[in-house]
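Lettering of chains follows the sequences in order, A, B, ..., and the numbering in each one begins at 1.
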Amino acid sequence: QKVSVEVLDHLEHLALVDFRDSEGVERLQKAIQFADQLHEVNTEGVEPMDSVLEDRCLYLREDDVTEGNCTKELLENAREKVEEYFVAPPGNIPLPKLDERETFLQGS
Amino acid sequence: AALKDGLRSQVSAALKEGRVTPTELCQRCLALIKTTKFLNAYITVAEQIALKQAEESEERYKRGQPLGILDGIPIAVKDNFNTTGIETTCASNMLKGYISPYNATVVQKLLDQGAVLLGKTNLDEFAMGSGSTDGVFGPVRNPWSYSKQYKEKSVPKSHSEDEESNWVITGGSSGGSAAAVSSFTCFAALGSDTGGSTRNPAAHCGVVGLKPTYGLISRHGLIPLVNSMDVPGILTRCVDDAAVLLGSLAGHDPKDSTTIQDDFKPFELPNLTDVSKLSIGIPKEYHTPGLSSEILALWSKAADLFKNAGAKVVEVSLPHTRYSIVCYHVLCTAEVASNMARFDGLEYGHRSDMKDSTESMYAATRREGFNGVVRGRILSGNYFLLKQNYEKYFVKAQKVRRLIANDFVKVFRSGVDILLTPTTLSDAAPYTEFIQEDNRTRSAQDDILTQAANMAGLPAINVPTALSERGLPVGLQFIGRSFQEKQLLTVAKWFEKQVQFPVIQLEEVKRHDSDVFQHQKSASFS
């Protein structure tokens, strides 16, 4: 089954990355096909594995402040900043809908 | 001392005795980097910083107070490890010009022991790939392309044509590091290994590539690909040197909560002479379609080698092997989708000029900063993580992962100490041939033999074994039990001694290192 344009559009919104061209979409199709082989495996009664270290306890340290105060270093790599703030364009504005934005998917 | 010497056995002694100085060593490596520039192994060469480190090291040697065996030793680091003062790009437009405010723990450890950081090596963009061909700084060339051994075997139509179009890939994604070690521009290099990214180029470049157990070496500062599988990798010219590097890097790091808290004791490798108590497992599923008959023969020969030396060699089964690559594909893309979300242009890295809204700025930044491979994996990962797909793909893959890990547990529990498998399906392909297939297809093919060790978190090492009919390196892989690196490396060292892999004969190195070449025993393996 081919992935619908709605799902492709949804993915572009979620990932904030574009498919760019038909090759990009084809790539996803092939990836799904490849992944479908997983369903050949019988995983009845098998617990999902998050980490190979699941039998060990995480290291917990004392709740003491041991580092910080590096505002200057952290801001150095940002392109747009004002005083101690990172500056972003206005938020709460959703990405334009499929028919309003420039995307390869528009034609589909 | 020659640039080809082993760390522990020769160079360290030479430095201590003053037969060579750290600045001499550093200068020779820097000069060699310049003349081997065509390999494109380095993205950034930190000449001034390296020379300064070398001078400081020299002072320590003069005072008779070297910090340890790595003091003054030139090393290279894959460009996905954070380094202060030196650009960290991950071979991507997203991080061009990015200078990290901190050193990765493994980098810091090397510097604390006086190692001289020559520069950052080339890779596939964000370590996604198996050829070191997909970074924005161009592909890395395998030094063996320019070796006497390869040239002798290829049929050149004309001298200039064969050099330019016949060159072979290094494998990946740590190709730059492998090429740097292979061409003698450094004594050791750091790579990373998520699906085979250290062992694969090690095999193609004829160097030792060690993937340590997950949790042994800190990932703090290693720009993550798959948090549950990534490990820093070690590339050296001999197994003893890998043990030295391991000794200086392993151990708990409070800054990486996925490192185990057990005490780690650095070790020297014994010279194993009696292998009769060893049980070597040969997983039959690794005899996979696509495996070249050459490598199959070499693998078989290696098994016989152990048998004839008295070891117990048994065929074993890892039944879920063929699903490992599919499982990896889903888990990797899913974790990548999450890990790449941090690149939005706001705090660091590339930022688009788009100002309409936060989201459109993020989208434009990522559109401009990531190459097709990265974007493809992010999109695939997001697909598998969609609510309607989560159980079907992501959780399913996690269940299959447990089955794969359990396969290994069962085999090791049955009395097998070490597994012996091929590392790659064939010797290095010519670049022109490699790029005919896309990155995902190639990765799926090339990772098949290395990937399962990452799935199970097990230590694994590539040992250069012999030259192929084309005159290119072929390596074999040993996989060990969790945290049993000493046993793994001991066996690898024994094997290395048996096969006597030939030294690469590079014109460039001959010109620069006029010391007499070490006499290599001619009893080579194939």
Heavy-atom distance under 4.5 Å to chain B: side chain of [X], backbone, both or neither?
X       : result
A/Cys57 : backbone
A/Tyr59 : both
A/Val7  : side chain

Checking [X] against chain A: side chain, backbone, both or neither under 4.5 Å from a heavy atom?
X        : answer
B/Arg377 : neither
B/Phe384 : side chain
B/Ile325 : both
B/Met229 : neither

Could you tell me whether the side chains of [X] and [Y] share a donor-acceptor contact shorter than 3.5 Å?
X        : Y        : value
A/Glu40  : B/Tyr323 : yes
B/Tyr393 : A/Asp36  : yes
A/Asp50  : B/Gln398 : yes

Check: A/Arg79 side chain, B/Arg351 main-chain N or O, donor-acceptor pair, under 3.5 Å: yes
Tell me which of these, B/Leu386, B/Ile378, B/Thr258, has more heavy-atom pairs under 4.5 Å with chain A than the rest. B/Leu386
Ion pair B/Arg375/A/Glu12, N-O distance below 4.0 Å: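 No, this pair does not count.
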Which residue out of A/Glu76, A/His10, A/Lys30, A/Lys81 racks up the most heavy-atom pairs below 4.5 Å with chain B? A/Lys30
